[in-house]
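Here the structure comes first, spelled out in structure tokens, and everything after it is commentary.
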Amino acid sequence: MTRRATDITKALDAFIAAKTEIDAMLERLAALSADHFETSPDEINWGHVGTLNHYRTKLREITDMAFSEGEHAE
């Protein structure tokens, strides 16, 4: 196998490993969201809102990068 073919194989392996990890994280987040982030309406306080806003900010950074939106828009 040539050096270039080896580099591509390693890159492909690393890409698949990263994608697999991302898919698992997204699945866990979707399940947590479906469970209303383990809260009930009677429990909601400003701490919960702050936590959710923090999650949203981090996810927006990622989606803005992925879709070239927001500060990453061209």
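For the single chain, residues carry numbers from 1 onward in sequence order. Side-chain atoms are counted along with the backbone in the values below, which use heavy atoms only and exclude waters and symmetry mates.
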* Asked: How long is the gap from OG1 on T9 to CZ on R4, to the nearest 0.5 Å?
  -> 11.0 Å
* When rounded to the nearest 0.5 angstrom, what is the spacing between CH2 in W46 and OG1 in T51? ->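 Answer rounded to 0.5 Å: 12.5 Å.
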Compile the donor-acceptor pairs under 3.5 Å between side chains in residues 57-74 and protein atoms, sequence neighbours left out, one pair per line.
residue, atom, partner, partner atom, Å
T57, OG1, N53, O, 2.9
T63, OG1, L59, O, 3.2
T63, OG1, R60, O, 3.2

* To do: Kindly write out the residues that satisfy side-chain hydrogen bond (donor to acceptor under 3.5 Å, both in side chains) with K19, not counting sequence neighbours, or none if the list is empty.
  =>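 So K19 forms a side-chain hydrogen bond (donor to acceptor under 3.5 Å, both in side chains) with D23.
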* Asked: Is a side-chain N or O of D7 found less than 3.5 angstrom from the main chain of K10, in a donor-acceptor match?
  ->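 The answer is no, because no donor-acceptor pair under 3.5 Å joins these two groups.
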